[in-house]
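In each ligand, atom 1 is the first atom listed, and ligand 1 is the first ligand listed.
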Amino acid sequence: MKLARLELLGFKSFPQRTDIRFDGGITGIVGPNGSGKSNIADAVRWVLGEQNARMLRGARMDDVIFAGTQKRRALPWCEVSLVFDNADGALKTPFSEVMVTRKAWRSGESEYMLNRKNCRLKDIAELFYDTGVGGGGYSIIGQGQIDVFLSGRGEERRDALEEAAGISALRTRKEEATRKLDRAQEQLERAGDLLRELEAMLGPLEKQSEAAREYLRLAERLKQVDANVYLVRHERLTRRVGTLTASAEALREALRGHAEEL
Ligand code: ATP
């Protein structure tokens, strides 16, 4: 993987589009004091996601946008693209050239792109894991930072060495996994609480369900008994109608006899 190009537009002292090509070998940038040499290193750091204005030698994040001069108006946004030659496939992407772009507006909005397609800063960070390229990497050392590296806190030195040794990605993944594990543990505890609550409700619910089953059984039995009662009553009434019809007939017969006698 090689650094191929840096494109600046509206970044710090570069209001007009400036392309810097890094051909083979070593590239040196020379110029008088204050001509913007370090701004180029800042641009590299910024496009790779730097979030700390102090690391970019500014007070606020919008200090990276061209602030204007007596002859030129300030710009509302800036854009930096860093292009890598990935012919050796060191970056895990199918592209042989990888362009990382960051764009920012004074309003505070900011946008990242990989090969001109919008992406998250996380995607860029993941692409460069363990390559030494990145905000916390050892490959971009700004003015005065060598001192910090040599005499800085053990922790800072350790971070830089870990990045160089290629284990920072594993460490980040481990931290992520630990976080996920903690979250899973919390969820498990919450599920346990819920289970206990539900178990406490189980006894009364079982009783209620038993009562409901008994009610249904009795209602069914009642229906059968009701039907039987109607049947029996119907039979009895039919028989009584038969008897009464017979005696009515006998009476009518007797009546006819008596009428004849009379
Ligand atoms: P030295 O050799 O002294 O370290 P240098 O060549 O590295 O200097 P830089 O520090 O990169 O120079 O650039 C400083 C210049 O950039 C200053 O002239 C400053 O006014 C200009 N500059 C920084 N930020 C902005 C900005 N937002 N808008 C316009 N100009 C800016």
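Numbered from 1 in the order shown, with element, the atoms of ligand 1 that lie under 4.0 Å from a heavy atom of R57 read 9 (P), 10 (O), 11 (O). Counting atoms of ligand 1 from 1 in the listed order, those under 4.0 Å from a heavy atom of P32 are 6 (O).
Under the 4.5 Å side-chain heavy-atom criterion for ILVMFWY residues, no single connected hydrophobic cluster contains both L121 and V83. Hydrophobic clustering (ILVMFWY, side-chain heavy atoms < 4.5 Å, transitive): Y112 and V47 are in one cluster. The hydrophobic clustering, which links ILVMFWY residues whose side-chain heavy atoms are closer than 4.5 Å, places M99 and L6 apart.
At least one heavy atom of G34 sits less than 4.0 Å from an atom of ligand 1.
For R21, the CZ atom counts as loosely surrounded, since its 6.0 Å shell holds 12 or fewer non-hydrogen atoms of other residues, nucleotides or ligands.
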Item to check | Candidate pair R196 and E199, rule salt bridge (Lys or Arg N to Asp or Glu O under 4.0 Å), full reasoning | outcome: CA-CA 5 Å; R196 270 189 292 281; E199 266 168 4; over 6 Å; no

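Remark: the N39 side chain and the S13 side chain contain an N/O donor-acceptor pair separated by less than 3.5 Å.
Under 4.0 Å from ligand 1, the heavy atoms of D63 that appear belong solely to its backbone. With a 4.0 Å cut-off on non-hydrogen atoms, D42 does not touch ligand 1 at all.
Among the atoms of I65, some N or O lies under 3.5 angstrom from an N or O of ligand 1.
Looking at N39, V30, L56 and measuring to atom 14 (C) of ligand 1, the nearest heavy atom belongs to N39.
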